[in-house]
Protein chains: 2
Amino acid sequence: MKFSVSEENYIKSIYHLQQQGEVVSTNDLASELQTKAASVTDMLKKLNGKNLLNYERYQGFTLSDEGTKVALSIVRKHRLWEYFLVHELEFGWDEVHDIAEELEHISSPLLVEKLDSYLSHPKFDPHGDPIPDINGKMELRKQVNLIDLPLDVEAEVSAVGSQSTELLELLKHKNIGIGTVLTVLRKFTFDNSLEIKVRNFPPFSISQQLAQTLFLKPLYGSTTVGSISK
Amino acid sequence: MKFSVSEENYIKSIYHLQQQGEVVSTNDLASELQTKAASVTDMLKKLNGKNLLNYERYQGFTLSDEGTKVALSIVRKHRLWEYFLVHELEFGWDEVHDIAEELEHISSPLLVEKLDSYLSHPKFDPHGDPIPDINGKMELRKQVNLIDLPLDVEAEVSAVGSQSTELLELLKHKNIGIGTVLTVLRKFTFDNSLEIKVRNFPPFSISQQLAQTLFLKPLYGSTTVGSISK
DNA sequence: ATAAAGGTTTAGGTTTGTCTAAATTTTATT
DNA sequence: AATAAAATTTAGACAAACCTAAACCTTTAT
């Protein structure tokens with residue numbers, strides 16, 4: 001079955017919101033998509049009619065198994081293209097999101113599989129997010145939020161919680177990226193800022209807001225986890 | 001300035017029709033785009049309003065300089081992507097047209113330039129068509145239609161006049177592709193069929209219809225030719 | 001030169017995806 | 001438990017891109 005760009009964007013956003021809290025609300029989706037609640041309701045009816053949603057009016061909604069499958073295939077395309085843009089075309093990891101947002105709607109399934117082979121089946125995109133395989137399965141990194149990382153434990157930055165230009169600019173300034181290995185030296189309760197240490201750099205501090213967007217993998221540990229595929 | 005996918009498709013089709021005869025008609029464009037004449041008129045008004053056309057009602061139309069610039073940038077993207085699909089992703093040259101038709105609408109100019117560098121600035125796409133550079137300039141092959149090729153002259157197939165599946169299927173069967181070197185042994189006036197010879201194959205015959213779709217470059221000879229760029 | 005034929009445009013309508021404003025349902029408060 | 005507040009849905013409109021049918025030019029043929 002084929003879907004419009006608009007339908008695909010709704011499906012993908014619902015998927016992402018579901019990662020946070022079980023059920024998704026009309027208003028949350030509207031603000032995620034920069035649109036109005038009334039427009040969301042219209043689209044929900046349409047997607048529900050195609051059996052992509054579990055939807056009861058006024059009660060919130062989630063993706064059906066079928067909807068999840070569609071979402072995962074879009075996420076797969078998005079992350080494979082991001083990988084291509086960064087590792088082949090030499091884009092910066094902070095420049096690729098908008099382009100991948102367009103490329104993810106190219107419809108050829110054969111293209112996706114050829115791209116995947118060409119890139120040697122990467123498991124994670126340049127932001128550290130896992131790339132679903134053709135059946136929707138992906139590796140799950142045992143990730144810890146930097147806020148929760150114990151003192152003096154070495155860990156590798158594996159994902160960032162947002163793609164905003166502002167965040168990526170700050171990370172670039174502080175020389176932090178996917179793969180950076182660091183340890184927390186001190187935590188200050190006054191403002192929840194952290195003093196951290198990166199190899200070859202003097203210690204420096206980062207704010208609570210920044211720490212909350214960084215996810216790390218304590219050195220060693222990764223598991224494969226199932227998902228929808230029927 | 002940004003254009004919708006629909007606008008871009010109209011611009012590209014007008015460009016291609018102009019390659020054949022000077023001025024383009026509403027009906028020709030409608031049949032090229034598989035749509036109705038009335039829809040074409042609607043879009044013509046829109047494109048004319050954006051100064052992309054030279055248009056007088058009932059009198060046919062052509063692309064303005066600005067319109068030509070837009071067309072060339074779309075053609076550039078289409079042909080670069082085709083090159084990528086065939087030479088990097090290992091698609092067959094007969095499988096890439098529809099995918100490139102989608103990819104050509106991805107808007108990032110930086111992406112196009114990075115792709116061009118990545119591919120080492122190719123001058124011709126897998127069908128033998130020239131790829132415009134960033135200023136719209138492209139090489140022009142001194143091409144001869146197979147019908148017009150003199151007897152016993154060695155020439156290399158450099159372009160095919162259509163992308164129809166039927167044609168490509170037949171070419172595959174006869175082992176003819178871009179780069180194939182052949183000579184014409186005889187011409188039969190009864191049905192205008194040709195007896196041709198390809199190295200390492202016994203001579204075989206091809207029909208007038210097929211010969212008309214093949215363009216060749218007599219061995220050696222290519223020129224750079226200017227185009228819109230102001 | 002004029003009528004028929006053919007091509008083009010206009011008029012009015014449809015679908016998709018959006019919107020505002022009003023109505024309805026749920027939730028939160030007292 | 002009743003009502004105020006907040007969230008959601010419905011109703012009615014709009015723009016883009018398409019359509020059919022009718023009107024309008026241009027070309028062609030007699």
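Every chain is numbered from 1, with letters handed out A, B, ... down the list of sequences.
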### Task
Using a cut-off of strictly less than 4.0 Å, decide whether B/Arg57 has a side-chain nitrogen or oxygen near OP1 or OP2 of D/dC24.
no
### Query
Any side-chain donor paired with an acceptor under 3.5 Å for B/His78 and B/Asp125?
no
### Query
Any luck finding a side-chain donor-acceptor pair between A/Asp191 and A/Ser193 under 3.5 Å?
yes
### Message
Rounded to whole Å, please give me the gap between CE in A/Met43 and C1' in D/dT10.
### Response
17 Å
### Message
So A/Thr26 and A/Tyr58, do their side chains get closer than 4.5 Å, heavy atoms only?
### Response
no
### Query
For B/Leu53 and C/dT9, what is the distance between atoms CG and P respectively, to the nearest whole Å?
11 Å
#### Entry: Nearest-neighbour nucleotide for the B/Asp42 side chain, D/dC19, D/dT8, C/dC19 considered
D/dC19
### Task
Select base, sugar-phosphate, or nothing to describe what B/Thr26 touches, counting heavy atoms under 4.0 Å on all strands.
sugar-phosphate
### OP1 or OP2 of D/dC18 under 4.0 Å from side-chain N/O of B/Lys36
no
### Query
In whole angstrom, what separates B/Leu33's CG from D/dC19's P?
10 Å
### Message
OP1 or OP2 of C/dT16 versus the side-chain N and O atoms of A/Ser6: is any pair under 4.0 Å?
### Response
no
### Task
Would you please confirm or rule out a distance under 4.0 Å between OP1 or OP2 of D/dT8 and any side-chain N or O of A/Tyr55?
no
### Task
Return no unless some side-chain N or O of A/Ser39 is found under 4.0 Å from OP1 or OP2 of C/dT18.
no
### Task
Return the value, rounded to whole Å, for the distance between atom CD of A/Gln59 and atom C1' of C/dT24.
13 Å
### Message
Would you say A/Asn27 places a side-chain N or O within less than 4.0 Å of OP1 or OP2 belonging to D/dA6?
### Response
no
### Query
When the distance from CG of B/Leu47 to P of D/dC18 is rounded to whole Å, what number comes out?
11 Å
### Query
What nucleic acid atoms does A/Phe61 come within less than 4.0 Å of, heavy atoms only: base, sugar-phosphate, or nothing?
nothing
#### Entry: Residue closer to the 5' end of DNA chain C, B/Val40 versus A/Ser4 (nearest nucleotide)
B/Val40
### Task
Give the minimum heavy-atom separation between B/Lys77 and B/Ser107, together with the two atoms involved.
NZ-CA, 4.3 Å
### Query
Between A/Lys45 (NZ) and D/dT10 (C1'), how many Å, whole number?
7 Å
### Summary
When A/Thr35 and A/Tyr58 are each assigned the nearest nucleotide of DNA chain C, the 5'-most assignment goes to A/Thr35
### Query
Taking atom types as modelled and ignoring hydrogens, do the side chains of A/Thr62 and A/Asn54 form a donor-acceptor contact shorter than 3.5 angstrom?
yes
